[in-house]
Structures are given as C-alpha cells and as structure tokens.
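To find a chain, count down the sequence lines: A is the first, B the second, and so on, and within it residues start at 1.
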Amino acid sequence: MNVDKLIRMANQIGSFFEAMPDRPQALQDIALHIQRSWDPRMRAALLAELDSRPGTEGLTPIVGEAVRTHRKSLEGSP
Amino acid sequence: MNQLVDIDYGTPAKPAAEQVSLEIDGVAVSVAAGTSLMRAAMQVGIAIPKLCATDSLEPFGSCRLCLVEIEGRRGTPSSCTTPAEAGMRVRTQSPRLAALRRGVMELYISDHPLDCLTCAANGNCELQTMAGVVGLREVRYGDAGANHLDAAKDESNPYFTYDPAKCIVCNRCVRACEEIQGSFALTIDGRGFASRVSPGQMQPFMQSECVSCGACVQACPTATLMEKSVIEKGQAERAVITTCAYCGVGCSFKAEVKGNEVVRMLPYKGGQANEGHSCVKGRFAWGYATHADRILSPMIRQTISDPWREVGWDEALAYAAGEFRRIQAEYGRNSIGGVVSSRCTNEEAYLVQKMIRAAFGNNNVDTCARVCHSPTGYGLKQTLGEAAGTQAFKSIEKSDVIMVIGANPTDGHPVFASRLKRRVRQGAKLIVIDPRRIDLVAGPHVYAQHHLKLRPGTNVAVMNALAHVVVTEGRLAEQFVQARCDTDSFEQWRQFVARPENSPEATAAVTGVPAEEVRAAARLYATGGNGAIYYGLGVTEHSQGSTTVIAIANLAMATANVGREGVGVNPLRGQNNVQGSCDMGSFPHELPGYRHISDGATRALFEQRWGVTLQAEPGLRIPNMLDAAVDGSFKGFYCQGEDIVQSDPNTQHVVAALEAMQCVVVQDLFLTETANYAHVFLPGSSFLEKDGTFTNAERRIAPVRKVMPPKAGKADWEVTMALSNALGYPMRYRHPAEIMAEIAALTPSFAGVTHERLDTLGSIQWPCNAQAPDGTPTMHVDGFVRGKGRFLITQYLPTDEKVTRRFPLLLTTGRILSQYNVGTQTRRTENLRFHDQDLLEIHPHDAEARGIADGDCAGIESRAGSTVLRAQVTERMQPGVVYTTFHFPESGANVITTDNSDWATNCPEYKVTAVEVSRVAQPSTWQKARQRFTDQQLALLVRARS
Ligand code: SF4
Ligand code: SF4
Ligand code: SF4
Ligand code: FES
C-alpha cells in the first residue's frame with residue numbers, strides 16, 4: 001500500500017480527535033477508528049512503517065502515541 | 001392491473017379538520033370543512049362536469065361547467081370553488097344546469113378543431129368526455145367566425161408539443177407551473193377571446209424559463225400540451241406503478257405501457273415522495289432503456305487490447321468465476337472484491353454484498369456512497385445513532401426556517417425543490433449556505449433571507465460560527481438538551497464553540513462570510529420556529545465532510561430541531577438507491593442494517609443463514625481497492641453498475657489501478673468508461689426490466705416493478721446469482737420477494753418489510769418492525785436511536801488543498817438538472833438538447849484577468865492533471881472560485897480532482913481542488929489520449945459483432 005497515503009489518512013483521523021479534551025479517550029478513539037475502518041493489510045503496512053522508521057515515519061505525535069498505545073488492537077491478519 | 005386513469009376529485013384534499021355533513025343529489029356525505037362541493041360529490045361517486053378543475057391544483061372557477069344548485073340559494077355557483085357547508089342540499093343535475101352546461105360546451109367547441117378521430121388525446125381528452133357528458137349535439141356557431149384553428153404549433157421542446165389551436169384557456173397549465181413546479185414559466189397572454197397560453201414573453205418553450213418538468217402537460221385536459229411519445233405511439237394499454245431510477249427523491253411513477261413498450265411515464269399522485277410531481281429526467285428521459293447502444297450479449301476478452309468476443313451467459317460467467325478463483329489461489333483470498341451499484345434494487349445490492357462476503361470470502365465490498373454520502377452515515381450514526389435522514393419530505397410543509405447547505409435542489413433534487421419552494425412561498429424563511437448563487441437564492445417568488453456565500457472548504461468554520469452565536473447569545477434549547485442529550489459531551493461542545501476563535505467575526509477571514517450575516521442566520525434558525533436542515537454533497541465531499549455532518553447534527557440538537565415534523569437533519573442523497581445500498585450492507589465494515597462486521601453476534605446470525613464463516617475484519621473501500629491494485633495486492637474486481645473511471649476522483653490513478661488488475665468484470669447497460677478496461681462484460685438490466693425496491697433519501701422503501709422482460713435475458717439479481725453459482729456458492733431465489741424476506745429476517749430495521757406490505761401501503765419508511773409496523777416517517781421522536789444524543793467537538797481544519805501561486809483558484813463541482821451523474825443514461829436521451837457539454841463557470845474578474853471570454857476554450861490544471869472545457873463567464877460564481885459538472889466523460893472533470901478525502905470515510909474531496917485556468921486552443925493531452933483509447937475500444941466492440 002502507498003504508505004505515505006496511509007500516514008496522511010492516519011494523521012487526518014488524529015486531527016479530528018486531537019480536539020477532544022480527554023486525551024486518553026482521544027488516543028483510544030483514534031486507534032479504534034483505524035481498527036474499525038481499515039482493512040488489515042492497510043494497518044499492517046502502517047505498523048511496518050512505524051517499525052522500520054520509528055519516530056520519522058511522519059505520524060503526528062498524537063497518532064504515533066495512539067498507534068503505539070493501542071498497537072495490539074491494530075494487528076490483524078493481513 | 002392498475003387503472004390507466006385515476007379518479008380526479010377536482011380539487012385538493014383538505015387536512016382532516018372538523019367534519020361537515022350535507023346532501024348531494026339526495027346522498028348523504030360527510031367531508032372535512034373547507035372541502036369543495038365538487039370533491040365532496042366525487043367522494044360519493046357523483047362526477048360533476050368540469051374542465052378547469054383538477055385535484056392537483058387549487059380551484060380557479062373559470063369554465064363554468066361545474067355549476068350546481070343549492071337549496072335555498074339563488075343562482076348556480078361553481079362547485080369547484082364553493083366549500084361544502086353543514087346542512088347543504090345540493091343538486092348537480094337539472095334541466096337548467098344541463099342547458100347552461102351545453103351552452104358552455106358549445107362555445108368551447110366552436111373554437112376547437114373537430115379532429116377527434118386523429119387527435120393524440122383521443123380516448124383521453126377531458127373536453128371530448130365533457131362534450132359527451134353534457135350531451136352536446138350541435139354547435140351553432142360554425143367555424144366561419146374568428147377562431148384559433150390555424151395557430152402554429154410549438155414543437156421546440158423535445159418531449160412535448162404545444163398546439164394553441166386546441167387550447168381552451170382553462171389555465172390549468174399556468175397554475176401547474178406555479179403551484180406544483182414553482183417555475184412561473186407560463187402566463188395567459190392577451191385578454192378575452194385573444195387570450196392564449198404563453199411561455200415567457202410569447203417565446204417558444206425551449207427559449208423560456210421552462211424546465212420541462214411536464215406538470216403542465218399532465219394538467220392539460222386537451223391535446224394542447226401533449227407528450228410527443230403519445231403522439232407517436234398512441235394511448236397506452238396498461239399501467240404499472242414503479243419508482244424513478246434517477247435521483248434520491250425517489251418519485252413514484254405510473255409507467256403507461258403498450259405491449260412491452262413504455263408510452264409515457266406519469267408521476268403517480270399516490271406516490272408519497274412526490275405526490276404526483278416529477279422532473280424532466282424521470283418523466284421524459286427514459287429512452288436510454290431501449291437505446292441502440294445497449295449491450296445485450298455477454299462478452300469476454302483476455303486483455304483490454306484484445307477484441308471483445310460475444311459469448312453465452314454460461315461461458316461468460318464460468319470465465320469470470322474461473323478467473324476470480326485463479327487469482328485468489330495465486331494472490332490470496334483478499335485479492336478480489338467488488339462494488340454494489342446504488343442504481344440497482346435493494347435486493348440486488350444485498351445479493352452482491354452477500355456474494356462478496358460469502359462466495360469471495362472477504363469483505364472487500366463498497367458502493368458509490370463512498371464518494372458521496374459516506375460522511376452522512378458516519379456523522380449521523382455518531383451523533384444521533386442512525387445513518388440516515390430524520391424526516392419525510394412532507395415534513396417540510398411544517399417548517400418555518402429551512403437551511404440548505406451545500407446542495408442545489410432545483411438541479412439535483414428537483415421535486416423536493418418544488419416542495420421547498422412552495423413552503424417558502426407560503427412564508428417559511430430560507431437560509432442558503434453555498435459558494436455559488438444557486439437558483440434558490442433568488443428565484444421566481446422565492447428568495448433566500450440569508451445567503452452565506454462561503455469559500456469552498458470552510459463549512460466547518462461556518463457551522464461552528466453559527467453554533468457560537470446560538471451558545472453565546474443564549475439561544476440554546478437547554479431543556480431539550482438536558483432531557484435528550486448526553487450532557488457531558490454537550491458541556492464540552494458548548495465550551496468549544498463558545499471560544500472566541502469560533503465567533504463569526506474571527507471566522508469571517510477564512511470563510512469570507514460577513515459576521516453579521518452569520519449572526520442573523522443563526523438567530524433565525526434558532527428562534528424562527530421549526531428549523532429544518534437539508535444538505536448535499538457540498539457538505540460531505542470535503543476532507544472535513546464527516547465533521548460538517550457532525551456539526552450540523554450538533555446544531556440541530558442544541559436548538560431542539562430534531563424529533564418532530566418540520567425540523568430535522570436531512571441529507572439529500574444522490575442516487576435513487578444509495579440509501580438502500582448502504583442499508584443493505586454495502587460498506588466493507590458493515591453488515592446490513594449498519595452493524596459492524598466485528599460484532600460477533602450479528603456475524604453469527606448471517607453465518608448461520610448463509611452457511612459460511614465470515615471474516616471479522618473490515619475489507620477495502622473503493623479508494624483502498626484502487627491503491628491496493630496499484631500496489632499489487634488486489635487483482636480481481638466485480639463492478640456492478642458503476643462507472644468509476646468517470647465518477648471517481650483522479651481518473652489517471654483509477655485507470656492505472658484497473659490496468660493493474662487481472663480480471664475486471666463490469667455489469668452495466670452500456671460500454672462505459674470503466675467497461676473499456678474490463679475483461680468480462682455482463683449485460684445489466686434497466687429499472688423497467690425487474691422487480692424489487694429502491695430506498696430514497698427519506699428512508700422510503702418503494703416498489704420497482706417489471707414493465708418489460710430483461711432485454712439481455714437476465715435481471716441484475718439473476719446475473720449476480722448466476723455468478724455466485726458459478727463460483728460454487730449456490731443461490732436459488734425465484735423472485736426478489738424471497739430476497740427481501742431474507743433481508744427482513746436478518747435486519748431488525750427491515751423486519752416488517754415484505755413485497756406484499758409494500759403493495760398494500762404503497763411505500764414504507766424504515767425502521768419497520770413490531771414497534772412501527774407501518775414504518776417511521778419521523779425519527780428520534782421520543783429519544784435518539786443511540787439513547788442520548790451525543791455532541792462532538794468539530795475543530796475547523798483547513799484542507800491540504802490550498803491555493804498557491806501556481807494554482808490560485810478553487811474548483812468546485814456540481815450537477816445540472818437535465819443530466820444525471822456520469823450521464824450514461826441521460827446522455828442517451830433528448831436531454832442532450834438542454835445541456836450537451838460540461839462548462840467551466842468562472843467569475844468575470846477571473847476570466848478577464850486571464851483573457852477568457854464567454855465560450856472560449858479554457859484549460860484547467862491541478863496537481864493531478866489537466867483538461868479543457870468551454871468557459872461560461874457568470875456572476876453566479878464568486879471571484880477565486882470556478883465550477884463545473886462532470887456529466888460528460890470527455891470533459892475529464894475528475895482528471896483534475898485529487899485523491900484528498902474525508903478523514904473518517906475516505907469520501908473524496910470533489911468540492912475543493914486548487915487549479916489554474918488559462919485560455920487554450922485545443923483539447924488537453926489527456927483528452928486526446930482518451931479519445932484515441934475510446935476509438936480503439938469501440939473498434940474492438942465492432943469486431944466482436946462482425
Ligand atoms: S414543463 Fe414544467 S416548467 Fe415547463 S412550463 Fe410546464 S410546468 Fe412550467
Ligand atoms: S394549454 Fe391546456 S391546460 Fe393550458 S390553458 Fe390550454 S387547455 Fe388549459
Ligand atoms: S426528482 Fe428525482 S426521482 Fe423525481 S423524477 Fe426527477 S430524477 Fe426522478
Ligand atoms: S371546473 Fe369549476 S369552474 Fe371550471
């Protein structure tokens with residue numbers, strides 16, 4: 001999958017939830033949104049990118065944190 | 001069989017108020033106060049002669065044929081204009097009345113050609129019928145005197161003629177155009193004997209303000225205004241009630257048929273969505289169904305440069321199934337997927353998603369709602385709890401303030417627009433939020449109190465500013481919110497919108513809307529009585545589409561404008577059955593009834609019924625499928641009735657994806673742009689060729705009935721079934737009613753829906769179940785579907801698609817009345833005469849700065865691609881914004897649009913693309929390449945047939 005696009009999509013999701021006052025809830029909602037709307041191969045590609053370029057993959061801080069905190073829920077069989 | 005001619009009660013029904021009892025010709029009758037004597041009489045089967053009255057129009061009282069005698073009163077009042085009163089004793093027949101009526105008829109006939117035998121209305125002419133009814137036997141005034149018998153016909157309209165020689169000046173057409181359509185295109189020109197009906201200033205119909213809705217033709221009692229199809233084919237033999245297959249209004253029609261041929265389509269007055277009205281598309285643009293371009297034989301080929309080979313159904317299906325299975329064996333179960341058509345029936349949509357989930361064994365299924373109203377589904381589900389609009393169209397009759405956001409109903413949803421305009425003429429206030437000055441802003445006898453002419457892409461900022469005014473000026477419906485909504489989420493939202501950065505003054509810089517206009521509009525909506533919001537793709541097709549939908553729901557809840565008639569949040573949905581295809585589980589993450597695929601209990605229900613194990617993970621959406629194809633992990637695609645090459649954004653990316661696939665199966669009526677990239681073509685069937693149901697924007701499930709047998713031998717549901725069987729997953733439905741029974745058994749909101757119930761009730765708005773056996777016109781009445789209404793914070797974020805020095809203008813896209821979507825159907829009708837190319841609308845300043853004059857070729861370039869269109873210089877546009885439609889494939893509007901999309905649903909951002917426009921002399925490189933490719937593909941088709 002075009003990983004730049006995936007990162008852009010994830011960041012867009014993050015920017016909606018970033019406005020929520022309850023940060024742990026926002027982190028969970030970001031991960032949940034990705035989990036409930038992305039096909040497993042898209043999630044796997046995102047996680048692979050995160051693993052190969054941790055910190056420089058281009059995710060915004062809140063999305064990076066959400067994905068790391070809730071990584072388990074995002075792993076599916078590709 | 002349905003009646004060809006419905007009972008005409010002469011005047012409209014009055015709302016059931018106090019009843020009055022009277023006697024007509026000795027028969028006792030009880031009617032609602034205010035009902036005309038004519039209608040009261042018809043209610044007990046007494047047909048009073050009439051010419052200028054018909055029950056779709058307010059009475060006019062001009063023909064004097066409907067005279068009656070009332071005991072104790074002098075004279076002979078006209079029964080169409082006289083209200084029934086308690087205790088009246090009315091006589092409809094007497095020698096005096098008979099003589100008066102004969103006299104009236106004699107005058108009419110003396111100036112009317114006596115060519116009844118060869119007249120197109122023969123057998124269906126009210127003048128002829130009345131002459132018979134009143135017993136006219138002679139006309140004493142010969143045709144030697146002044147008459148209109150030689151008046152010239154106006155045949156300019158492609159669908160109907162106007163023959164003034166036959167006009168009896170009953171005014172029904174004029175009133176229909178005003179009262180029903182709201183176009184005010186007709187007048188009676190001249191006085192007395194000289195008077196005649198006139199479009200505009202005595203212009204031909206085609207040059208007037210007429211929008212060809214046909215309401216006048218239907219109202220005309222004679223052959224003066226007459227469908228050309230009836231002139232050509234004669235009167236019909238039978239009628240079938242069915243539903244329009246164009247837009248999401250879902251008008252009910254009576255298809256008048258002779259043999260297997262449609263003679264005309266008449267909007268059905270019993271239809272609850274349209275109450276007897278229609279637009280030019282549904283009423284007239286049905287000729288595509290029998291167009292010579294229809295492909296009626298299955299075809300296959302190995303590569304897209306091979307000639308097509310016409311084959312039998314079995315061979316085509318076996319080839320498609322074999323290829324899909326081969327691909328899955330090689331690249332994995334998830335390497336194929338498909339698209340459900342939102343033009344097909346609910347039953348067909350259900351079958352396609354079932355086939356994909358059960359026979360393909362994955363969840364790679366999506367529908368065109370992805371590219372239109374997927375944000376509506378998401379936003380309304382998050383806030384109100386149900387992924388659909390809250391009202392019936394009729395609800396607008398009780399609205400006091402109507403807010404139209406990002407929609408252009410007079411073009412996109414014309415029959416709804418007529419209802420809206422009628423309500424505004426009655427005094428409701430209108431607020432329009434749109435970058436363009438759409439027709440509603442200032443139309444005949446309708447104008448918007450406020451037009452918030454925002455910059456494209458700033459919807460969220462405007463909605464937040466409206467909410468800011470409501471919150472900070474103390475115009476909240478606190479009691480409603482306390483009782484009905486989640487108060488924690490409300491408090492957070494209240495604090496958020498109250499922030500100074502959300503004030504109209506602060507947002508004006510980005511939105512371009514003066515703060516005072518926003519404040520006034522907010523006050524009007526919050527305090528003007530019943531406030532209803534109607535919105536369209538101008539809301540959803542943005543990177544913040546879902547956020548705007550949420551903001552709309554927030555505003556409606558905060559002002560208590562949800563849960564009763566006259567209010568609500570109403571998406572104007574595009575395709576005839578896009579609501580239905582979403583309801584039927586066409587999204588990769590949702591089973592029918594919007595239940596998430598990860599929900600084990602729901603999955604178990606389907607698994608048991610379907611006899612398979614379902615994947616619990618969401619599948620790919622259309623744009624993800626295309627990305628995965630380019631990436632190499634998606635290789636096979638079943639595309640039912642969609643033309644993604646033309647309709648989806650970034651055409652060159654869509655084409656690259658299709659070219660990367662190994663088996664593309666297209667099921668359609670015509671060789672579409674997408675079919676040019678297909679390996680298997682399966683002929684589709686039009687809405688006239690099958691049974692089933694469509695669900696419109698009001699959640700109204702309405703019957704689609706077969707008028708003629710499928711031209712290629714199979715209806716679409718039969719094709720899907722055959723493909724599934726070829727894949728080894730058996731489906732054995734004998735009729736779509738059996739499919740609906742399965743849907744009802746598995747989907748709580750459809751539990752009470754059957755084809756029989758639809759036959760009885762006419763249509764049903766879901767949810768329809770034990771609690772609401774006749775359906776649900778208004779949703780969220782006593783509580784929200786999700787329990788407590790939930791507010792969400794809607795932070796405005798500018799789109800990434802920004803104007804730059806290189807691309808200094810914003811392109812936004814839309815639709816035009818006469819063409820429908822990618823135009824596959826309407827381009828194959830006479831509607832081409834109204835609009836034969838997509839134009840680039842541009843403000844005079846922007847045009848002048850670029851040396852572009854009206855009609856010049858204008859090159860449009862974005863970071864995605866470039867194309868060339870003719871320019872239309874117009875002040876409808878604001879400076880800095882250009883606009884086009886995408887009805888013609890050669891226009892390439894989507895070559896320009898980018899793959900930016902809504903954050904929640906990937907709905908493309910069609911409404912904002914940064915572009916530059918310049919004057920050019922020839923088509924773009926893309927256009928030339930497309931023409932070459934299309935010519936090659938047509939040659940390959942010709943070879944298949946030779
Ligand atoms: S076709 Fe419709 S718009 Fe045109 S004159 Fe008749 S009623 Fe008016
Ligand atoms: S055109 Fe038809 S409806 Fe109109 S005034 Fe003449 S007869 Fe009546
Ligand atoms: S308004 Fe829509 S549904 Fe009604 S006739 Fe026109 S296209 Fe068909
Ligand atoms: S029908 Fe009543 S006056 Fe014409």
Among the listed options [options], the residue most often paired with chain A at heavy-atom distances under 4.5 Å:
options: B:P618, B:P588, B:S546; result: B:P618
options: B:R621, B:Q492, B:H596; result: B:H596
options: B:N900, B:D902, B:I550; result: B:N900
options: B:T794, B:T905, B:N624; result: B:N624

Between the side chains of B:Q353 and B:S586, does any donor sit under 3.5 Å from an acceptor?
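Side chains of B:Q353 and B:S586: no pair found under 3.5 Å.
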
Pair B:R357, B:N363: side-chain N/O donor-acceptor within cut-off below 3.5 Å
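Short answer, yes.
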
Between [Y] and [X], is the closest basic N to carboxylate O distance under 4.0 Å?
X: A:D51; Y: A:R71; answer: yes
X: A:R43; Y: B:E617; answer: yes
X: B:R863; Y: B:E801; answer: yes

When rounded to the nearest 0.5 angstrom, what distance separates [atom1] in [X] from [atom2] in [Y]?
X: B:L591; Y: B:T602; atom1: CG; atom2: OG1; answer: 7.0 Å
X: A:I34; Y: A:S73; atom1: CD1; atom2: OG; answer: 9.0 Å
X: B:C582; Y: B:Y594; atom1: SG; atom2: OH; answer: 4.5 Å

Closest heavy-atom contact between [X] and [Y]?
X: B:I356; Y: B:N364; value: CG2-O, 3.7 Å
X: B:S901; Y: A:Q12; value: O-NE2, 2.8 Å
X: A:A45; Y: A:V3; value: O-CG2, 3.9 Å

Can you tell which part of A:E18 gets under 4.5 Å to a heavy atom of chain B, answering side chain, backbone, both or neither?
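Contact with chain B is absent: no heavy atom of A:E18 under 4.5 Å.
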
Given the side-chain rings of A:H33 and A:W38, with only the six-membered ring counted for Trp, is the space between their centroids under 6.0 Å?
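So the answer is no for these two rings.
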
Stepwise, does the side chain to side chain contact (heavy atoms under 4.5 Å, CB included) test hold for B:H468 with B:S503?
CA-CA 6 Å; B:H468 177 92; B:S503 71; 3.4 Å; yes

Given a strict heavy-atom distance threshold of 4.5 Å, which part of [X] is in contact with chain A: side chain, backbone, both, or neither?
X: B:L797; answer: side chain
X: B:N362; answer: neither
X: B:S598; answer: side chain
X: B:Y796; answer: neither
X: B:D800; answer: side chain
X: B:I597; answer: neither

State, yes or no, whether a side-chain contact exists between B:W903 and A:S15 at a heavy-atom distance under 4.5 Å.
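They are not in contact (no side-chain heavy atoms under 4.5 Å apart), so the answer is no.
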
Sorted by number, residues from residues 56-67 of chain A in contact with chain B (heavy atoms, under 4.5 Å)
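Expected list: none.
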
Give the interface residues of residues 20-30 of chain A toward chain B, defined by a heavy-atom separation under 4.5 Å.
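Counting heavy atoms that sit under 4.5 Å from chain B, the residues of residues 20-30 of chain A involved are A:M20, A:P21.
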
Tell me which of these, A:A10, A:G14, A:S37, has more heavy-atom pairs under 4.5 Å with chain B than the rest.
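It is A:S37.
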
B:P375 and its side-chain contact (heavy atoms from CB on, under 4.5 Å) partner, picked from B:T548, B:T547, B:N906, B:T540:
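Testing B:P375 for a side-chain contact (heavy atoms from CB on, under 4.5 Å) against B:T548, B:T547, B:N906, B:T540 leaves exactly one candidate, B:T540.
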
